[in-house]
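Quick notes on the structure that follows.
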Amino acid sequence: SKVHPCRMKKSGTAEEVIDKEFQLFRLFYVVKRIAKETEELFVILKIGFSRKSLLIGRKECLKMKISFSTLACPDFSWAEIYSMAKDLGFHGIEVRGLGNEISTVRAKPFTAANIDATIAKLRKLGLEIPCLSSGACLKYADKHDETVEEITQYAELANKLGTPYIRILADLEPAPADEIDDDSIIAFLKEVAVIAEKNNVTLLVETNGVYADTARLRKVLDAVDHKNIAALWDMHHPFRYMGETGQQTVENLGDYIKY
């Protein structure tokens, strides 16, 4: 069940194959570096802490799981993606389209004809799909029906996959560009929360655009006040565009952070 992409049949030019293998090597190095630094962290923590408290801390830390997004490897096939996830020790795969198909619900492994085989393969490999990243953006009132339809399709797919989270947007671009009416976003979130609850999934509003201001996002989420609406913390946006520290973001969003 463990097949490394570099041992699979190659296609394309020699340069393309070398480039892909370089990408895999670089990713492998990053994962190993994270693992090494995590071990070093526990060595540091051991100073001044009892062995019992250290083991408790390690146990809690190991509950956190690691996934990567398919957006980062557009030239990889689905088989290469799940093989890489397994070989490099990831717990899951966040799906934001595959190849040239940015819509996950239209991607071949997730169509009606293939979804059962996809679920079986992931289960066999012990991999999860923790989040489906949609392109649904609540900002545009003139695209209301289209957005509701997209969220519905993603929610139904997530329900079949056992995926707990769906990423949605309340603002489109990473950086704040223009003003948004929070009341309109709150009303829209309350509407789609019904769809999420019906399919046993949680819609996560990403910290981007004006909502990279996580104190503002917190007010929106508080106003919605629904268990199936929470936050996806893109760690880069609040820091880059709003000057927030990680601690400030956590203090602002608290338990709303799910992914």
Between the side chain of [X] and the main-chain N/O of [Y], is any donor-acceptor distance below 3.5 Å?
X      : Y      : value
Asp234 : Thr207 : no
Thr118 : Pro109 : yes
His237 : Ala212 : no
Glu146 : Lys143 : no

Test of understanding: with side-chain hydrogen bond (donor to acceptor under 3.5 Å, both in side chains), list the residues that count as partners of [X], not counting sequence neighbours.
X      : result
Ser69  : none
Ser133 : Glu94
Arg96  : none

Looking only at heavy atoms, what is the nearest atom pair of [X] and [Y], with distance?
X      : Y      : value
Ala230 : Leu221 : O-CD2, 3.9 Å
Ile81  : Phe68  : O-CZ, 3.8 Å
Ser134 : Ile168 : OG-CG2, 3.8 Å
Thr147 : Cys137 : OG1-O, 3.5 Å
Met242 : Pro176 : CE-CG, 3.5 Å
Ala175 : Tyr241 : CB-CE2, 3.4 Å

Check: [Y] and [X] side chains under 4.5 Å, non-hydrogen atoms:
X      : Y      : result
Pro164 : Tyr259 : no
Ile180 : Leu138 : no
Tyr154 : Thr163 : no
Val95  : Leu161 : no
Leu217 : Tyr256 : no
Leu232 : Tyr165 : no
His91  : Pro130 : no
Ile185 : Val205 : no

Exercise. Which pairs count as salt bridge (Lys or Arg N to Asp or Glu O under 4.0 Å) when at least one residue sits in residues 108-117, sequence neighbours excluded?
Worked result: none
Exercise. Any salt bridge (Lys or Arg N to Asp or Glu O under 4.0 Å) pairs touching residues 203-215, not counting sequence neighbours?
Worked result: Arg167-Glu206
Linked, directly or transitively: [X] and [Y] (ILVMFWY side chains, under 4.5 Å):
X      : Y      : result
Val201 : Leu204 : no
Leu132 : Ile102 : no
Ile257 : Ile66  : yes
Leu189 : Leu172 : no

Nearest 0.5 Å, what's the [atom1]-[atom2] distance between [X] and [Y]?
X      : Y      : atom1 : atom2 : answer
Lys219 : Asn252 : NZ    : CG    : 10.0 Å
Gln153 : Ser103 : CD    : OG    : 7.0 Å
Leu169 : Leu203 : CG    : CG    : 11.5 Å
Leu98  : Arg106 : CG    : CZ    : 12.5 Å
Leu253 : Trp233 : CG    : CH2   : 8.5 Å
Glu150 : Thr104 : CD    : OG1   : 9.5 Å

Residues in side-chain contact (heavy atoms from CB on, under 4.5 Å) contact with [X], at least two apart in sequence or another chain:
X      : result
Asn200 : Asn159
Asp225 : none
Glu156 : Thr152, Asn199
Asp183 : Asp181, Ile186

For this session: Mark yes when over 12 heavy atoms from residues, nucleotides or ligands other than Phe239 sit less than 6.0 Å from its CZ; otherwise mark no.
Result: no
Exercise. Above 12 or not: heavy atoms from other molecules or residues under 6.0 Å from CG of Asp222?
Worked result: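 Check passes, neighbour count above 12.
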For this session: Would you please classify the geometry between the Trp78 ring and the Tyr82 ring as parallel, tilted or perpendicular, with 30° and 60° separating the classes?
Result: perpendicular
Quick one: salt bridge (charged side-chain N to carboxylate O under 4.0 Å, His left out) partners of [X], sequence neighbours excluded?
X      : result
Glu128 : Lys65
Asp142 : none
Asp178 : Lys139

Exercise. Can the ring centroids of Phe188 and His144 be said to lie less than 6.0 angstrom from one another?
Worked result: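 So the answer is yes for these two rings.
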Problem set entry | Audit row: Ile151, Ile166, side chain to side chain contact (heavy atoms under 4.5 Å, CB included) steps and yes/no | CA-CA 8 Å; Ile151 291 174; Ile166 298 172; 5.8 Å; no
For this session: In plain terms, say whether Arg216 and Glu244 are close enough for a salt bridge, that is, a side-chain N and a carboxylate O under 4.0 Å apart.
Result: no
